[in-house]
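Presented below is the structure to which this report refers.
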Amino acid sequence: MKIVAGLGTIEDYEAYVEAGADELFIGYVPYNWQKNYELAMPLNRREVSFVNVNVGSQSEMEILAKKVDKYKIPVTIAINALNYNPKLYPEIINIVEECKGYGFERFIVADIGLLLALQSYFEADSKIKNSRIKIHASGEIGEMNSYLISMLRELGVNRIIYHRGARLKDIKSMIEKNPDMEHEVFYMNENCHFTGGYCNSIHCDELIPMCKMPYCTDLNSKNEYGLHNSDDYCFYKENSIIRHVSNLSQIGVTHIKIVGRGASDDRMIECIKSARKEIEGC
Amino acid sequence: MIPYPIFMFKIIWPDDTLDVRALEPVNKGFSFRVAESRRQDLKRLAKYVVSFLNVKTKEYTEYETSGYIEEREEDYIFVPEDERFINDFQNITKDYMKIIYTKLENDDIEAMEIMSGLKLSDEFYSDVYEWKNSLCKPKCNVSGDLCQPIDKNCVELCKLNEFEIAICLDNDNLYNEYLNMRKEEFIEFYWKENCLEKFEISKCKITHIYIGNQFCPYLFPDNDKLVKIINKSILDGLKPVIALGPQNESLMNGLHNILVTLAKLDIKERIELVINDIGVAVLVKDLQNKGILNKDQFILTAGILLNKRKKDSRISFLANARDITNSNLDNCWNDKNYTDYMIKNLGISAVSYEACGDDLHLGDLSSILHLPRYQTNSSDCVMYNLWEYGDRGTRGDLSKCPHLCNNNYILYPKNTGLMGIGNSIFALSQKEINDLDYLSKLKDKGLKRLVIRL
């Protein structure tokens, strides 16, 4: 199993590689997109402006490409917003071509409309076809089942990223039916309570995420509860998937995803090292 | 390090451009770096263009500036010679530091109030009915009766009756109530339950009845109940519409059985399935190809969760709210390539939308509008997890869920307009339910049905 870690700034590339990451993923938001669209229609799922979560300049991408050449740890580009205005699909395809020009050929996609646009574009020109890009189907697409996976495979997807709520037995069944694809699961070092693929609320600097909105409930439950200030955003839960790393290996999971673009690099390095230790212990 | 989105710098040569990221302020300028291959380029004559984000208005200002580049041992410095740039750069770094201190010195909710102006009410909705009743109603007198009785023959109502009008059975309570009441009795109960009995829409003729929950597959009725509800709806003169939540892998076998059950019913017309994951459409196609289902037995409609766009009751507190709204009017369902694929490969022929106060850009497929509530988030399932583990984030075995959401809700501050119903959060749209003229004009744009649920 390989470790895939999120990179908020290119400075952390070497540290994450040394900690044990086998792949990294970034968000790239080029100048024109940032200026014209990003604040209203983010290109990926890190939608804030006042934190370093995305790579945003050509120079950074060129430097990153050199690091990849040197260390041979590949980088995937997240273009995984849940939806885009389809008039912007051509512009996104241009960004994909730009990334290919730097040497990045793996992309995480969540909008099936974009996936179809990419497929049409890359199928149309046989010269490009030979350097086919690799598409990872984001966990943000929505609920995964083997029928959806069969459709994604036909659309050229190479890897399935299962959302955080996917259960082990379901993942096992889907892997068995699609053994020739790559299968990636979240390490659960960060845990949103809601399903990412159905999260239509705004993520921005000014507003707290919906999962952190205070709430109360009239629920009579097994457990004591009361007014919550939503500080139950959990890490390393006892029954999270992290405790099942050996099971993941046995069922055919190929990649573990450690998210944290914009998170503290110390915490990310700690997570990567823990994951590496658990994988080597299997 | 200065976040790229707040300050961007571009170097323009006659034959190339390069945007770079500012690392740190240095004197009046900033440091940056480039790849080794660009070192020679930096010695060439170039123009410099900068772009600053106004953190209050969320707009960019771009202009050409002047200065020069100095090389240091490990990086470069841009040395500005333009007072405008010097002032703007100082201001942006000050603005950025203010934001950092705001976030460090305050908790998240306080920081949100400072940055957006949204101060959360200390009062939470006492129950779901208080939330439902927060929908702006037609004027009533002291006794609670309408000041002006609804004229059933008014032009607007007549136009509304040109639409198909649907109600939703999406939990155990409603399934049971429907089976135990006569049609008229149930419809009256439905409008009261949804606190819509004083709205004109409650005088419309109901044509369709949705059976099932689009957000939670575990709330779907068992086979026996499903068949009873379908049979009763047909006797009641209502067309049944089967609403399916997103189906995980474990549920697909059960869904196969449900589809076979539906196919065997003695119903002359095609059964409409509202699906909320693409895999179900692939399953239906697969069963049709294998001859287990007839080719024309089902009509497939894309449900709410397959029509993704930014929807948030707090959006009006953002400086760029209009930009966000306008950018999200179109999505993949407005793309011909996508809709052609959905029609030809998966047989999807209609799309569900939600009224959220924004203009509706309906795509080419038949459209269905759900109102007056709209979904912002869904989960699997925060309510069950909270009940079982005391923690929304710990995920449990939902097949054991006792359907707490039949009678329990997750309550949010009153001024957010939010309510946690089942595994989802909903907000209310005040606009469409009160603007029948607006609704009636949507018919010409391809809207065929209104689905009313609060």
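All values below come from the heavy atoms of this structure, side chains included, with hydrogens, waters and symmetry mates left out. In what follows, every chain begins at residue 1, and chains take the letters A, B, ... in the order their sequences are listed.
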With a 4.5 angstrom heavy-atom cut-off, is it the side chain or the backbone of [X] that approaches chain B, or both, or neither?
X: A:Tyr89; result: side chain
X: A:Glu62; result: both
X: A:Met174; result: both
X: A:Ile112; result: both
X: A:Glu140; result: backbone
X: A:Asp205; result: both
X: A:Asp111; result: side chain

Do [X] and [Y] get their side chains close enough for a donor-acceptor pair, meaning under 3.5 Å?
X: A:Gln34; Y: B:Tyr60; answer: yes
X: B:Arg309; Y: B:Asn307; answer: yes
X: A:Thr9; Y: A:Asn52; answer: no

Count the heavy-atom pairs under 4.5 Å between each of [options] and chain B, then report the option with the highest count.
options: A:Lys66, A:Glu47, A:Met61, A:Lys87; result: A:Glu47
options: A:Ala81, A:Pro30, A:Ser173, A:Gly142; result: A:Ser173
options: A:Lys177, A:Met151, A:Arg167; result: A:Arg167
options: A:Val55, A:Thr195, A:Leu148; result: A:Thr195
options: A:His163, A:Met144, A:Glu11, A:Met41; result: A:Glu11

Side chain of [X], backbone of [Y]: donor and acceptor closer than 3.5 Å?
X: B:Trp333; Y: B:Leu306; answer: yes
X: B:Asn106; Y: B:Thr102; answer: yes
X: B:Glu354; Y: B:Gln375; answer: yes
X: A:Asn44; Y: A:Gly27; answer: no
X: A:Thr217; Y: B:Tyr409; answer: yes
X: A:Tyr198; Y: A:Glu143; answer: yes
X: B:Glu249; Y: A:Ile171; answer: no

Can you tell which part of [X] gets under 4.5 Å to a heavy atom of chain A, answering side chain, backbone, both or neither?
X: B:Thr17; answer: both
X: B:Leu18; answer: both
X: B:Ile2; answer: backbone
X: B:Leu283; answer: both
X: B:Asn334; answer: both
X: B:Asn320; answer: side chain
X: B:Leu305; answer: both
X: B:Val382; answer: side chain
X: B:Leu418; answer: side chain
X: B:Tyr412; answer: both
X: B:Arg314; answer: both
X: B:Arg33; answer: both
X: B:Asp286; answer: side chain
X: B:Leu23; answer: side chain

When you compare the side chain of [Y] with that of [X], does any pair of heavy atoms fall below 4.5 Å?
X: B:Asn331; Y: A:Tyr84; result: no
X: A:Tyr37; Y: A:Glu91; result: yes
X: A:Ile26; Y: A:Asn54; result: no

Report the option among [options] that has the most heavy-atom pairs separated by less than 4.5 Å from atoms of chain A.
options: B:Ile6, B:Val20, B:Asn328, B:Asp323; result: B:Val20
options: B:Ser51, B:Ser378, B:Pro246, B:Ala111; result: B:Ser378
options: B:Cys405, B:Ser313, B:Ala319, B:Ser250; result: B:Ser250
options: B:Lys311, B:His361, B:Lys285; result: B:Lys311
options: B:Met383, B:Met342, B:Gln247; result: B:Gln247
options: B:Asp312, B:Asp19, B:Leu346; result: B:Asp19

Does atom [atom1] of [X] have more than 12 heavy-atom neighbours, drawn from other residues, nucleotides or ligands, at distances under 6.0 Å?
X: B:Arg39; atom1: CZ; answer: yes
X: B:Asp122; atom1: CG; answer: no
X: B:Glu110; atom1: CD; answer: yes

Exercise for review: Step by step, work out the salt bridge (charged side-chain N to carboxylate O under 4.0 Å, His left out) result for A:Lys169 and B:Asp397.
Suggested key: CA-CA 11 Å; A:Lys169 61 176 180 167; B:Asp397 181 359; 5.5 Å; no
**Study point:** Cation over ring face, B:Arg21 and B:Tyr4, 6.0 Å, 45°
**Key:** no
